[in-house]
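See structure below.
A note on names: the letters A, B, ... follow the listed sequences, proteins ahead of strands, and every chain is numbered from 1.
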2 protein chains.
Amino acid sequence: MLRLSKLTDYAVVVMVRLGRGEAVQTSPCIAAATGVPEPTVAKVLKILSAAGLVASHRGARGGYRLVRPLDAVPIADIIAAIDGPIALTACVDGGTSCEAQGLCPMRGRWDPVNRAIEAALAGITLADMADPGPTFAAPGEAAALGPRALPLSALHVAE
Amino acid sequence: MLRLSKLTDYAVVVMVRLGRGEAVQTSPCIAAATGVPEPTVAKVLKILSAAGLVASHRGARGGYRLVRPLDAVPIADIIAAIDGPIALTACVDGGTSCEAQGLCPMRGRWDPVNRAIEAALAGITLADMADPGPTFAAPGEAAALGPRALPLSALHVAE
DNA sequence: GATAAGGGGACCGCAACGGTCCTGTTTCGT
DNA sequence: ACGAAACAGGACCGTTGCGGTCCCCTTATC
Ligand code: FES
Ligand code: FES
């Protein structure tokens, strides 16, 4: 399905949330605001922090803040941070994983495809996905609607 | 990793192989020619046949043949056939799978991303991946050979 | 009628992913 | 100085989907 991991989706939600309100926010706070379970939020933030997309401050009154503004973060960065480098096949550009590269007819064959996708993903920033206008009309109580396990959604950037 | 299934990779190899030699070829023949195990080739061909990308002829002296020439088959079709419709997230355009669509702030957020990828994938045909002649002259970076034990490769369109 | 080939499944092992939890370590507030 | 708050980092499983194989049936040629 060419689908990306659910964590990536969460990461987008979390990042967008970080773009609102206080500059520095804690993971429990974000979890409460977004409706995403707290451990998962923490995990996502750790990964994002390791990738340098967010900065962390430890200790009491600590939290996370954005390093770059939302409009300077292409989703390609998020995907790369969570799902690893963008590579459709095992044999990526360098092809460091294959043995007989000189003989394999598929060598580098997927590269243009990878490039195209990478370009497409680099052209869209989080700001584009955040809220391009006043269309965001359902604050707060949206989270209350998900008493059950919230299957795949739970993507609420509640205010 | 945004990776696509191995089957898709096989499918490309098989399709390219179908573009060579005899117009109609049997799956054992293709398996022998490509080095891909026969059952897998058969599986791939069944899927491709169901998707209408190849035509099959049953009975003795049967086999498969291409419906469209290679340059008329964008890889998007292959991916769609094997991995299913191209959709990065669970909530696709229509969002038929989600319950509280009206409240979810991510509704349709990924759509532009999907479109971009779809467009990128539609712009490259199998012919582009087959063997565009001697044009594939990778510069100096021939990459150091990694003596591996053929992890995922075996993608040989042997002649 | 025998044989060669595709059609459509069922089946199982494995690896990756999602999700949770626990045990440090750091910093701020009192 | 002490304790609480919050991040860091990993360990830990259940589940899922995928890759791969096999079997039996139908179809068409010889
Ligand atoms: S998660 Fe499905 S519409 Fe939001
Ligand atoms: S499969 Fe790796 S270079 Fe061909």
What's the closest nucleotide to the [X] side chain, out of [options]?
{"X": "A/R58", "options": "C/dG6, C/dG29, D/dC7", "value": "D/dC7"}
{"X": "B/K6", "options": "D/dG19, D/dA8, C/dT3", "value": "D/dG19"}
{"X": "A/S27", "options": "C/dA5, D/dC7, C/dG29", "value": "D/dC7"}

Would you say a side-chain N or O of [X] is under 4.0 Å from OP1 or OP2 of [N]?
{"X": "B/S49", "N": "C/dG7", "value": "yes"}
{"X": "A/Y10", "N": "C/dG19", "value": "yes"}
{"X": "A/H57", "N": "D/dA5", "value": "no"}
{"X": "A/S5", "N": "C/dA16", "value": "no"}
{"X": "B/S56", "N": "C/dG7", "value": "yes"}

How close or far is atom [atom2] of [N] from atom [atom1] of [X], stated in whole angstroms?
{"X": "A/L4", "N": "D/dG17", "atom1": "CG", "atom2": "C1'", "result": "16 Å"}
{"X": "B/Y64", "N": "C/dA4", "atom1": "OH", "atom2": "C1'", "result": "13 Å"}
{"X": "A/L48", "N": "D/dA8", "atom1": "CG", "atom2": "P", "result": "11 Å"}
{"X": "A/I47", "N": "D/dC7", "atom1": "CD1", "atom2": "C1'", "result": "14 Å"}

*asked:* Less than 3.5 Å apart, any donor N or O on the side chain of A/Q25 or A/R65 sitting next to an acceptor on the other?
replied: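 The answer is no; no qualifying pair exists.
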*Side-chain H-bond candidate by donor/acceptor type, B/T125 with B/D71, under 3.5 Å*: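 No, no side-chain donor-acceptor pair sits under 3.5 Å.
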_Along DNA chain C (nearest heavy atom to each residue), the more 5'-positioned of B/Q25 and A/G59_ =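 Looking at the nearest nucleotide for each, B/Q25 comes out on the 5' side.
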*Distance, nearest 0.5 Å, that separates CG of A/L121 from CD1 of A/I75*: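 Separation between the atoms: 4.5 Å.
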*Going from CE on B/M15 to CD1 on B/I78, what distance comes out if it is rounded to the nearest 0.5 angstrom?*
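Here the interatomic distance stands at 4.0 Å.
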_Heavy-atom neighbours of B/R68 CZ exceed 12 at 6.0 Å_ =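 It does: B/R68 CZ has more than 12 such atoms within range.
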*List for me each residue that meets side-chain hydrogen bond (donor to acceptor under 3.5 Å, both in side chains) alongside B/R58, sequence neighbours excluded, and say none if there are none.*
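If we apply the side-chain hydrogen bond (donor to acceptor under 3.5 Å, both in side chains) test to B/R58, skipping adjacent residues, there are no hits.
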*Only counting residues at least two apart or in another chain, list the ones meeting side-chain hydrogen bond (donor to acceptor under 3.5 Å, both in side chains) with A/T26.*
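Expected list: none.
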*Give me the residues of residues 38-45 of chain A where at least one heavy atom lies under 4.0 Å from an atom of DNA chain C, by number, or none.*
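Here the set is A/T40, A/K43.
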_base_contact_polar (C/dG8 base, B/K46 side chain, donor-acceptor, <3.5 Å)_ =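 In this structure, the two groups form a donor-acceptor pair.
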